[in-house]
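Report on the structure given below.
All ligand and atom numbering here is 1-based and tracks the order in the structure. Only heavy atoms go into these numbers, but all of them, side chains included; no hydrogens, no water, no symmetry mates.
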Amino acid sequence: MMHGRRREIRKARWAALIIGLSSVLVADAAVADSSGRPNILFCLADDQSYPHAGAYGEPVIKTPVFDRIAREGVLFTQAYCAAPSCTPSRSAILTGRDIWRLGEGGQLFGTLPAEHPVYPELLGRAGYHVGFMGKGWAPGNVTAGGRASEPTGQRFKSFQEFIGKAPAGKPWCFWFGSSDPHRGYQKGSGVKSGMDPAMVRVPDIFPDTPEVRSDICDYFFEIQRFDRQVGEMLDLIHQAGQLDNTLVVITSDNGMPFPRAKANLYDLGTRMPLAIRWPARVPGGRKVDDFVNLTDLAPTFLEVAGLKPPHETTGRSLLALLETTASGVVEPDRDAVYTGRERHAWCRIDGKGYPARMIRTRDFLYIRNYEPDRWPAGDPRMVTNEGLYGDIDASPTKDVILARKDSDPRLFDLAFGKRPREELYDCRNDPGQLRNLAADPAHRKTLRELSSRLTTHLKATGDPRETTGEAPWDAWKYHGRNNWQILPEGQSTN
Ligand SMILES: [Ca+2]
């Protein structure tokens, strides 16, 4: 866990680097690739959930850049990350592989073993000018897995520097990893900027209090900053005359840093904003309801560059879908996604994780918790940087739910309590995913079907949880700082 203040300083530095870039003309910019391969600009928010962008109808937040990409390109309504946690989600984006195929790349503060090729490396070998700025593959230890360099390519101080150094005649591929809207926040910044907290749509899982509304505004405030920064980069590409043949992707690595969101397999943890624009080949103005996983991006980037994805890839290229003129359901077999989680923060005795997998279809969410005796949000006897329940970032909203434990035990239990081995939610009638129907006889058939489908997928993709029953994750090294203490028996406040 990065200390909040240090993170703020780092974020302020990034903001300072980018502000003002739009006024700088790019001299001698690279001309388009002679073979027609597009540039690729990948913009990744840090902890932003669906539907928190203007294009999805969210009334308070203003994201004109995301909305433009959606309007002139394709807006996805059912996009999911591969894991609701920074490092594994980024490992999956970079490799196009499910987290259970990535060894130590599948958990927070792990390492990404060199045996798993990443798309920036493959594009670099194919002649692309590759770089990144901000948060790349992180947090974790790059070299422990046998890599000599960052999986996201060469680090640049700014996008201006990167694009200025792009060789003529070569396409480029850039990863912009924002640290927004990751915590910490400047408390009250959202409301102070003019947002009306009364207009905020408070998800069902949070108590509707002034503190929670303000906390959500602070989160929106940071998403808006990310959006502006992407806009400044688009201005530079426009000035270079390359916007038409640049594939622009805007999405997020995992859900909002609030209870039962980030580090959880519910929609607030896994369902992502996603918009893609590429005027040269992608008809715009479309909304697509197919279920896509962010693992689909790496094979997409490889395909537009004329490369085949490596054999181990589980994602499926989106190119055919992008090149149609269709809206709604375009490829009917994209009717489900599978995601999972292992260890997130170091917040259980002996560093144990909370292993779980899920399948999300249009109507249902089914979750399998492999160790239901463990605490899903962290052990209540373990004090971490994030307080108790260390898988959930310290926050005003977390404090409100903890303080209301006795007056609102239902929300407390949903956020922090133990969970049964199986969970089933009817997303049509319970979009907040609060009523577990796994024990409901009326849903037994659905439960069996989804359970079977999940098992089949996990076995087919080689998940050790289902194939050998081995679970190496808990024994793997955690490359973060472990600041924690265990309270004596009986001293836990919860
Ligand atoms: Ca994140």
Do the two ring centres, one from F132 and one from F176, sit under 6.0 Å apart? no
Passing candidate, side-chain hydrogen bond (donor to acceptor under 3.5 Å, both in side chains) with R183, options D47, D46, D215: D215
Over 60° means perpendicular and under 30° means parallel, so classify the ring planes of Y338 and H457, tilted if in between. parallel
K418 atom NZ: more than 12 heavy-atom contacts under 6.0 Å: yes
Closer than 4.0 angstrom, basic N to acidic O: yes or no for D391 and R341? yes
Report the protein N/O/S neighbours of the Ca ion (ligand 1) that fall below 3.0 Å; do not count waters. D46 OD1, D47 OD1, C86 SG, D253 OD1, D253 OD2, N254 OD1
Any residue meeting side-chain hydrogen bond (donor to acceptor under 3.5 Å, both in side chains) with T313, in chain and number order, not counting sequence neighbours: none
